[in-house]
Number of protein chains: 2
Amino acid sequence: MNAQSATRKTFRREGEDKRREDLIAATLECVAERGLAGATVREIAMRADVTAGLIRYYFPTKDDLISAAYRAVMNRMTVQASDALQNAANDPRARLQAFVTANLGEPIMDPHNLSLWAGFIALVHADPVMAAAHRDGYLGFRDELEILIREALIATGKPAERVHTRRHAIAINAIIDGLWLEGCLARDIFAEGELAETGIIAIEAVLGISLTAEGDAR
Amino acid sequence: MNAQSATRKTFRREGEDKRREDLIAATLECVAERGLAGATVREIAMRADVTAGLIRYYFPTKDDLISAAYRAVMNRMTVQASDALQNAANDPRARLQAFVTANLGEPIMDPHNLSLWAGFIALVHADPVMAAAHRDGYLGFRDELEILIREALIATGKPAERVHTRRHAIAINAIIDGLWLEGCLARDIFAEGELAETGIIAIEAVLGISLTAEGDAR
DNA sequence: CGAGTATTTATACGCTTGCATAATTAGAGC
DNA sequence: GCTCTAATTATGCAAGCGTATAAATACTCG
């Protein structure tokens, strides 16, 4: 009723989960567009259509928000890769192929994912807690891969001893990571699906089996 | 002779090259230890035993210094890998092996290098100039690799058409990058030389040739 | 429908940052 | 040795940062 200047922002009280998700999403937007440095509390708040103070209500410190955002991305990528497995055929070789193809295509192979990942990696070196979290994620991924490899080898009638599957998992993990990296950094210099195909061929060579053919041997 | 309080810092006039090198080295120290965020002009100046203002005398803006530092790192790694080639035997297969081993061992496979690389990668996405610099570096590395691959194939009496060597280069580059990454992130969970050996074996499988044996064929 | 509370806004503080600029000084050249 | 200049220091500023905290308000429950 008085000069109604500086009208206070109207707002809705959202559920705690919704707000956290929105804030994390806004954070990812910022990081994706302008790097970690561009993810300031004020910018994040603006994107989430919220005032800066609210961030501290849900996340004690900005680092907590950042690390939550990182976990969200890693989790999202893991889930997306697993989803591809669920929709895959029963044949172990087809499953391994689906896993590789999923990791080397949209939406996992995306520059934004790399940006956030890289920004976080730079922190891993300093923060032991994050280092542990990262290692767990890496080993989890590799273990999942090793299982796929063993089953594919067995399905082809090949020996699948632990000593070898471990080494294969390390190498194939490297192939996937390396191609993912290349794709994220310069997707435009590769043809559509080229990297996934390259990965499959390389992995077939490493394992000495075919992932596409129906037969047990070549 | 007056109260000599606040005595001005004594200094030496260094050559332009020396100063630039020192500043870049100090920058790399900062980035390696505390990430890109830790590389402030004041901190860099302190490490270089210089006052902050001097940085602007040699680099118009902080970003220029950062990007110069990035180029220095990439260049250093490239040179180190090339050095390994110079000392290698004449046989193309041995040369390829030496190249791989060098990239997957000290001093290239070092957590600090990864920190630096990751910190800069986060910027590449935003800054087109850096993106170009990075792409040049990547393509240069891959071209060098492709030549090694072609020569190794020819030495083994295998066909080495461009279509195939390009694909091989992409895959093998991925193997090297991926293993480098794994090693930098968690060197302690791998045995000494394990990653280099794993890389060699995987690459031999991809190319279908042996890099260690003397014979032309298996 | 009214009171109470959890959620949200608003404001301000102290710090650090990159950058500008004036004052100094080391060292080269005559 | 003097002079001149380029290299270096010292100081300051405006902007943006994360965070703290008090005031306001939307929703819940009786």
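To find a chain, count down the sequence lines: A is the first, B the second, and so on, and within it residues start at 1.
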Tell me: [atom1] of [X] to [atom2] of [N], nearest whole Å?
X       : N      : atom1 : atom2 : result
B:Glu43 : C:dT17 : CD    : P     : 8 Å
B:Arg19 : D:dT8  : CZ    : C1'   : 8 Å
B:Phe11 : C:dA23 : CZ    : C1'   : 11 Å
A:Asp64 : D:dT19 : CG    : C1'   : 13 Å
B:Glu14 : C:dA28 : CD    : C1'   : 15 Å
A:Leu36 : D:dG16 : CG    : P     : 20 Å
A:Ile55 : D:dT19 : CD1   : P     : 10 Å
A:Lys18 : C:dT7  : NZ    : P     : 15 Å

Would you give me the side-chain donor-acceptor pairs under 3.5 Å for residues 68-80 of chain B, sequence neighbours excluded?
| residue | atom | partner | partner atom | Å |
| --- | --- | --- | --- | --- |
| B:Arg71 | NH2 | B:Ser67 | OG | 2.8 |
| B:Arg76 | NH2 | B:Asn113 | OD1 | 3.3 |
| B:Thr78 | OG1 | B:Met74 | O | 2.8 |

Exercise. Parallel, tilted or perpendicular for B:Tyr138 and B:His134, by the 30°/60° rule?
Worked result: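 The arrangement is parallel - the two ring planes meet at less than 30°.
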For this session: Return the orientation label for the B:Phe141 and B:Phe99 ring planes: parallel under 30°, perpendicular over 60°, tilted otherwise.
Result: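 Tilted: the ring planes of B:Phe141 and B:Phe99 meet at 30° to 60°.
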Seminar exercise, completed: Taking D:dT9, C:dA10, C:dG27 as options, the one with an atom nearest any side-chain atom of B:Arg12 is C:dG27
Problem set entry | Selection from D:dC17, D:dC27, D:dT8 that lies nearest to any side-chain heavy atom of B:Leu54 | D:dT8
By the 4.0 Å heavy-atom rule, please label [X] as base, sugar-phosphate, or nothing.
X       : value
B:Thr51 : base
A:Phe59 : nothing
A:Glu16 : nothing

Exercise. Is A:Glu16 salt-bridged to A:Arg20, going by a charged N under 4.0 Å from an acidic O?
Worked result: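 A salt bridge links A:Glu16 with A:Arg20.
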Problem set entry | Check: A:Arg187 side chain, A:Met109 main-chain N or O, donor-acceptor pair, under 3.5 Å |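 Side chain of A:Arg187 to backbone of A:Met109: a pair is present.
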Polar atom pairs (N or O), protein with nucleotides 19-21 of chain C, under 3.5 Å:
| residue | atom | partner | partner atom | Å |
| --- | --- | --- | --- | --- |
| C:dC19 | OP1 | B:Thr61 | OG1 | 2.6 |
| C:dC19 | OP2 | B:Lys62 | N | 3.1 |
| C:dA20 | OP2 | B:Arg56 | NE | 3.1 |
| C:dA20 | OP2 | B:Arg56 | NH1 | 2.3 |
| C:dA20 | OP2 | B:Arg56 | NH2 | 2.2 |

For this session: Answer yes or no: does a side-chain N or O of A:Tyr58 lie under 4.0 Å from OP1 or OP2 of C:dT8?
Result: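 Yes, within the criterion.
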Exercise. Is A:Tyr57 near enough to C:dT7 that one of its side-chain N or O atoms lies under 4.0 angstrom from OP1 or OP2?
Worked result: yes
For residues 48-62 of chain A, run the donor-acceptor check on the side chains, cut-off 3.5 Å, and write out each pair with its distance to 0.1 Å, sequence neighbours left out.
| residue | atom | partner | partner atom | Å |
| --- | --- | --- | --- | --- |
| A:Arg56 | NH1 | A:Pro60 | O | 2.7 |
| A:Lys62 | NZ | A:Ala39 | O | 3.0 |

For this session: Give the C-alpha distance, both sets of side-chain angles, the deciding distance and a yes or no for side-chain contact (heavy atoms from CB on, under 4.5 Å) between B:Arg150 and B:His168.
Result: CA-CA 9 Å; B:Arg150 178 158 57 242; B:His168 285 148; over 6 Å; no
